[in-house]
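Quick notes on the structure that follows.
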Amino acid sequence: QVQLVESGGGSVQAGGSLRLSCAVSGIGETRACVAWFRQAPGKERAGVAGIYSLSSRTYTTDYDDSVKGRFTISQDNARETVYLQMNSLNPDDTAMYYCAATRGHYCRLVATDYNYWGQGTQVTVSS
């Protein structure tokens, strides 16, 4: 059974930083896609960053243009926790952030590709 549990959200002023964590269990596959999505009120869920395991030791990362240079996605060596370091936050980053995962080798930041979702963690950035 795949489980994703997010933590680390909160409120921060513009220019500040937050680090989100996603505890991943049960994915069981060497090749898997794990990504962060966000959804603001009245907007569609959008991909933020993804980390795609190519083998037990190699992976690639993917970012939406809106967060490139500000956000960094990473994972621990055991691939049990995926992190999203968010720097230079601005009010447009305010949203519920979700961790998502799917098995397979074709990974992209498209919500419908992902089978498993966490409950979400709120990020609020004030100006």
Side-chain angles (χ1 to χ4, degrees):
Q1 181 179 357
V2 178
Q3 287 190 322
L4 306 171
V5 180
E6 303 100 331
S7 61
S11 297
V12 66
Q13 289 191 328
S17 298
L18 283 173
R19 188 175 83 156
L20 306 183
S21 298
C22 174
V24 182
S25 61
I27 196 71
E29 295 288 332
T30 299
R31 305 196 75 170
C33 320
V34 180
W36 287 95
F37 289 80
R38 64 186 179 186
Q39 188 167 20
K43 294 187 177 181
E44 293 186 356
R45 193 168 296 190
V48 175
I51 188 161
Y52 311 144
S53 299
L54 306 177
S55 71
S56 60
R57 295 186 177 185
T58 60
Y59 61 90
T60 186
T61 57
D62 187 16
Y63 296 93
D64 183 76
D65 287 345
S66 65
V67 305
K68 282 181 180 177
R70 300 189 299 123
F71 291 11
T72 302
I73 190 169
S74 62
Q75 63 187 8
D76 65 357
N77 289 337
R79 299 196 303 156
E80 293 176 344
T81 305
V82 173
Y83 303 99
L84 184 67
Q85 178 66 43
M86 305 186 295
N87 298 329
S88 301
L89 286 162
N90 62 65
D92 289 340
D93 296 316
T94 295
M96 184 71 79
Y97 282 70
Y98 297 91
C99 181
T102 189
R103 298 181 176 97
H105 59 275
Y106 180 60
C107 302
R108 55 182 182 169
L109 291 175
V110 175
T112 52
D113 287 358
Y114 290 78
N115 306 110
Y116 308 102
W117 292 84
Q119 81 286 353
T121 185
Q122 178 67 38
V123 171
T124 302
V125 184
S126 58
S127 57

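Counting from 1, the numbers follow the sequence of the chain as shown.
- Put simply, the side chain of E6 gets close to the backbone of G120: a donor and an acceptor are under 3.5 Å apart.
- Hydrophobic cluster membership is shared by Y59 and I27, with clusters built from Ile, Leu, Val, Met, Phe, Trp and Tyr side chains linked at under 4.5 angstrom.
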| message | L84 vs R19, test: side-chain contact (heavy atoms from CB on, under 4.5 Å). Steps then yes/no. | response | CA-CA 6 Å; L84 184 67; R19 188 175 83 156; over 6 Å; no
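- Scanning all heavy atoms of the two residues, the minimum distance from T121 to G9 falls at OG1-N, 3.1 Å.
- Smallest separation of non-hydrogen atoms from T102 and Y116: CA-CD1, 4.4 Å.
- Taking both residues in full, the closest heavy atoms of Y97 and V48 are given as CE2-CG2, 4.3 Å, listed atom of the first, atom of the second, then distance.
- A cation-pi geometry, defined here as NZ or CZ lying under 6.0 Å from the six-membered ring centre and within 45° of its normal, does not hold between R45 and F37.
- The hydrophobic clustering, which links ILVMFWY residues whose side-chain heavy atoms are closer than 4.5 Å, places W36 and W117 apart.
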Please table the atom pairs, donor to acceptor, closer than 3.5 Å between any side-chain atom in residues 85-92 and protein atoms at least two apart or in another chain.
{"from": "Q85", "atom 1": "NE2", "to": "N87", "atom 2": "OD1", "distance (Å)": "2.9"}
{"from": "N87", "atom 1": "OD1", "to": "S17", "atom 2": "OG", "distance (Å)": "2.9"}
{"from": "N90", "atom 1": "OD1", "to": "D92", "atom 2": "N", "distance (Å)": "2.9"}

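- Without hydrogens or angle criteria, D62 side chain to G50 main chain gives no donor-acceptor distance under 3.5 Å.
- You'll find the side chain of R38 stays beyond 4.5 Å of the side chain of T94, heavy atoms only.
- Cluster membership for F71 and V12, using ILVMFWY side-chain heavy atoms within less than 4.5 angstrom, is shared.
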| task | Step by step, work out the side-chain contact (heavy atoms from CB on, under 4.5 Å) result for L20 and V123. | result | CA-CA 9 Å; L20 306 183; V123 171; 4.0 Å; yes
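- A distance of 9.0 Å separates OH in Y114 from CZ in R108, rounded to the nearest 0.5 Å.
- The two residues L109 and D64 have their closest heavy-atom pair at CD1-N, 3.8 Å.
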| request: Tell me, with the steps shown, if R103 and V2 meet side-chain contact (heavy atoms from CB on, under 4.5 Å). | output: CA-CA 10 Å; R103 298 181 176 97; V2 178; 3.5 Å; yes
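- Annotation for L4 and Q119: closest pair O-OE1, 3.8 Å, computed over non-hydrogen atoms.
- Proximity of V125 to Q13: side-chain heavy atoms (C-beta onward) are nowhere separated by under 4.5 Å.
- Annotation for Y52: atom OH counts as buried by contact number, over 12 foreign heavy atoms lying within 6.0 Å.
- Note that CG of D113 is 8.5 Å distant from SG of C107, once rounded to the nearest 0.5 Å.
- A continuous path of ILVMFWY side-chain contacts below 4.5 Å connects I73 to V34, so both sit in one hydrophobic cluster.
- Closest of all the heavy-atom pairs between Y63 and T72 is OH-CA, 3.3 Å.
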